[in-house]
Amino acid sequence: MLLLMEKLLICNNSSQDELSRDDYSNIMLAYWICCDERASKVDNVDRIDSPESFLSVYVPEQLIYNDIIYPKDYRTEFIKCFSFMSFCAEDSIFFEYLQIFSSEYGMTWQEYLFINFTLYLKMSTNDSGATPVVYIDNTYVSALNFMAPICCELGSFVSRTDFRALRQTPVLKVSNNHFIILSDKFFVDKIFSSLLFDFAKILSKYKQRTNISGFPDLKQLVGQRFTERILFCEIMNRCFSKYADVMLSGETLKSKISNGEPDYYIRKGSRVFIFEFKDVLLNTEVKYSRDLSKIQNEVLELFEESTFEKRTTKSKKSKPKAIKQLLNVIREKLPVIHKEIDKTTLNKVYVFPVIIYTDSNFDVDGVNYMLNERFLSLLGLAELNSCYVVKDLVMINLNNLIQLEDLFFHNKLNLSSCINDYRSFRLTNKSDSVISFTKFLMRKSEKQNFKYKNTKWFNDALQVLKNTSF
């Protein structure tokens with residue numbers, strides 16, 4: 001459908017006449033042609049007969065389109081934006097950045113979020129039902145100003161890899177007040193997920209004041225000061241504070257054991273969960289390479305050991321990542337944590353290693369499987385305390401944790417049971433042995449009546465916004 005949309009935008013005739021039966025037939029024919037174009041790039045499906053063959057055929061193809069297929073929840077994006085803006089308002093560095101951002105848009109951050117939220121709801125519920133048409137009255141100047149830069153230019157629209165043109169301009173302006181949302185997922189991305197890109201674009205105009213020259217600079221700083229320290233810790237607390245006997249953040253642990261600490265530690269009885277949080281993105285060239293070896297190398301570069309500098313691609317001293325960090329924690333830091341910080345004595349400890357990530361590309365079936373296989377092979381070479389029973393490595397999308405906040409908090413989902421059930425499922429269902437844990441978790445949540453409804457965090461944030469006068 002997106003391929004067809006791009007072709008129609010490129011070949012448009014600006015006509016707004018009612019479509020005839022022949023027009024509808026021609027559009028359907030064009031759609032089938034686009035389907036054939038898409039299907040022609042898929043090959044060797046009949047060769048899938050093992051986990052390895054599944055990886056070689058499915059993963060390279062699915063990666064290309066996964067973030068388009070991946071379900072977008074505007075509530076999750078709203079929560080992340082609200083949390084980030086609230087952080088900016090109180091942080092010594094980001095407060096100035098927020099002032100510059102607000103000045104450029106001519107509105108407060110609360111107004112910016114309110115407009116975005118309202119625009120999405122206008123698309124979901126309007127006089128014609130749930131249609132992609134949005135009407136904005138002339139009195140709603142801020143909303144009209146917001147829409148202007150994300151509308152595509154029909155005369156100059158050019159198709160780009162990864163649908164980048166549609167991602168950047170997912171709206172078609174029909175009149176001064178009427179707009180058509182071309183892709184609801186790209187629209188959600190633009191109004192919420194693309195906030196950091198917009199932030200970086202504006203801050204780079206004031207580089208002398210901000211020291212931000214582009215998105216990589218801002219992304220690194222946001223990761224250091226907000227994503228892990230604030231957002232990640234907040235959702236961990238919201239999900240597991242009622243469940244855990246002991247919860248220790250990375251900052252708390254670092255003050256006690258200097259370095260090499262996990263990003264989060266949770267203990268419930270003899271069950272210990274160690275978390276590594278990775279706010280990393282899959283390289284776009286690798287994503288589109290359709291080359292499994294390149295994909296595997298990139299995944300290991302991000303989650304096992306970093307060997308080169310991303311910005312320059314120059315070699316550097318290797319640095320352990322995620323799975324090696326988890327192994328180092330199990331081997332060297334858990335005994336110290338148990339003795340000096342948690343102060344518990346257990347004859348047997350069940351260790352659950354968990355990676356929390358932010359890029360939905362890693363949801364693809366096969367990625368968790370690849371990393372777990374590598375983790376287990378390294379685990380087999382490690383000398384561990386005999387009291388430790390180490391479970392399989394699992395990966396969870398941060399967005400899914402945000403969505404499942406209430407289920408975890410009220411113990412309708414139990415993390416250790418979910419992980420144990422995941423392993424049993426994979427062992428007894430060979431055809432599903434490469435399924436990602438995050439997908440398995442969402443399936444399990446649906447059995448607990450999860451319906452993508454408002455969470456407590458969403459309601460709390462929305463209430464704060466409602467109480468703010470614009």
Side-chain angles (χ1 to χ4, degrees), residues 67 77-78 80-116 119 142-153 156-158 160-171 186-231 278-288 302 306 308-314 316 358-361 398:
D67 69 331
E77 304 306 324
F78 174 80
K80 290 189 292 186
C81 282
F82 178 85
S83 183
F84 175 66
M85 294 292 208
S86 300
F87 155 78
C88 288
E90 298 179 359
D91 184 80
S92 57
I93 294 176
F94 278 85
F95 178 75
E96 182 180 5
Y97 294 172
L98 184 61
Q99 296 297 101
I100 294 172
F101 181 82
S102 297
S103 177
E104 285 283 317
Y105 271 98
M107 64 185 82
T108 66
W109 69 266
Q110 294 95 336
E111 190 175 5
Y112 173 90
L113 275 187
F114 183 79
I115 288 172
N116 290 346
L119 285 175
S142 297
L144 290 170
N145 290 340
F146 175 83
M147 292 292 270
I150 64 173
C151 292
C152 64
E153 295 288 339
S156 58
F157 185 87
V158 178
R160 299 171 64 189
T161 302
D162 201 24
F163 300 106
R164 277 183 289 177
L166 270 179
R167 291 177 188 274
Q168 292 171 3
T169 54
V171 179
F186 292 168
F187 185 61
V188 169
D189 273 343
K190 194 62 186 172
I191 62 178
F192 292 125
S193 301
S194 295
L195 172 64
L196 283 188
F197 288 96
D198 293 341
F199 236 79
K201 185 177 180 180
I202 290 171
L203 296 180
S204 63
K205 291 166 58 177
Y206 302 88
K207 184 180 177 181
Q208 296 301 320
R209 289 172 57 188
T210 64
N211 290 321
I212 299 295
S213 58
F215 177 73
D217 291 338
L218 182 64
K219 174 76 171 172
Q220 183 178 25
L221 191 60
V222 169
Q224 293 169 349
R225 298 182 70 87
F226 167 71
T227 315
E228 184 176 323
R229 291 176 57 243
I230 308 297
L231 182 64
K278 294 300 171 191
D279 185 19
V280 294
L281 301 174
L282 184 70
N283 180 281
T284 302
E285 290 184 8
V286 173
K287 173 182 173 179
Y288 275 85
L302 293 171
S306 175
F308 66 88
E309 177 58 50
K310 281 285 184 182
R311 295 194 196 181
T312 63
T313 70
K314 292 181 179 179
K316 67 176 184 180
T358 57
D359 186 351
S360 63
N361 285 308
L398 180 69

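Throughout, numbering of the chain's residues begins at 1 and tracks the sequence.
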Novice: Apply salt bridge (charged side-chain N to carboxylate O under 4.0 Å, His left out) to Asp279 and list each qualifying residue two or more places apart in sequence or on a separate chain.
Specialist: Lys219
Novice: Holding to side-chain contact (heavy atoms from CB on, under 4.5 Å), I want the full list of residues that pass it with Arg209, two or more places apart in sequence or in another chain.
Specialist: Glu96, Ile100, Tyr206
Novice: For Phe95, give me all partners under side-chain contact (heavy atoms from CB on, under 4.5 Å), at least two apart in sequence or on another chain.
Specialist: Gln99
Novice: Quick test of your reading: applying salt bridge (charged side-chain N to carboxylate O under 4.0 Å, His left out), list the pairs with at least one residue in residues 99-108, sequence neighbours left out, ordered by first then second residue.
Specialist: Glu104-Lys205
Novice: How long is the gap from CG on Asn361 to NZ on Lys287, to the nearest 0.5 Å?
Specialist: 4.5 Å
Novice: Please tell me if the side chains of Phe215 and Leu196 come closer than 4.5 Å, counting only heavy atoms from C-beta onward.
Specialist: yes
Novice: Return the OG1 to CZ distance between Thr108 and Phe101, rounded to the nearest 0.5 Å.
Specialist: 11.0 Å
Novice: Residues two or more places apart in sequence or in another chain: which of them pass side-chain contact (heavy atoms from CB on, under 4.5 Å) with Ile93?
Specialist: Asp91, Tyr97, Leu221, Arg225
Novice: Quick check for you: to the nearest 0.5 Å, what is the distance between Phe199 atom CZ and Cys88 atom SG?
Specialist: 4.5 Å
Novice: Rounded to the nearest 0.5 Å, what separates atom OG1 in Thr227 from atom NZ in Lys80?
Specialist: 9.5 Å
Novice: Would a 4.5 Å heavy-atom cut-off, applied to side chains only, mark Met107 and Phe114 as touching?
Specialist: no
Novice: Rounded to the nearest 0.5 Å, how far apart are CG of Leu218 and OG of Ser213?
Specialist: 10.0 Å
Novice: Between Phe226 and Phe94, does the ring centre distance come in under 6.0 Å?
Specialist: no
Novice: Return the minimal non-hydrogen interatomic distance between Ser83 and Leu231, and the atom names on each side.
Specialist: OG-CD1, 4.1 Å
Novice: Ser86: which residues meet the side-chain contact (heavy atoms from CB on, under 4.5 Å) condition with it, sequence neighbours left out?
Specialist: Phe82, Trp109
Novice: Taking all non-hydrogen atoms of both residues into account, name the closest pair between Leu281 and Asp359 and its distance.
Specialist: CA-OD2, 3.4 Å
Novice: If you take all heavy atoms of Ile212 and Ala200, which pair is closest and at what distance?
Specialist: CG2-O, 4.5 Å
Novice: CG/Leu282 to CG/Leu302 distance, rounded to the nearest 0.5 angstrom?
Specialist: 7.0 Å
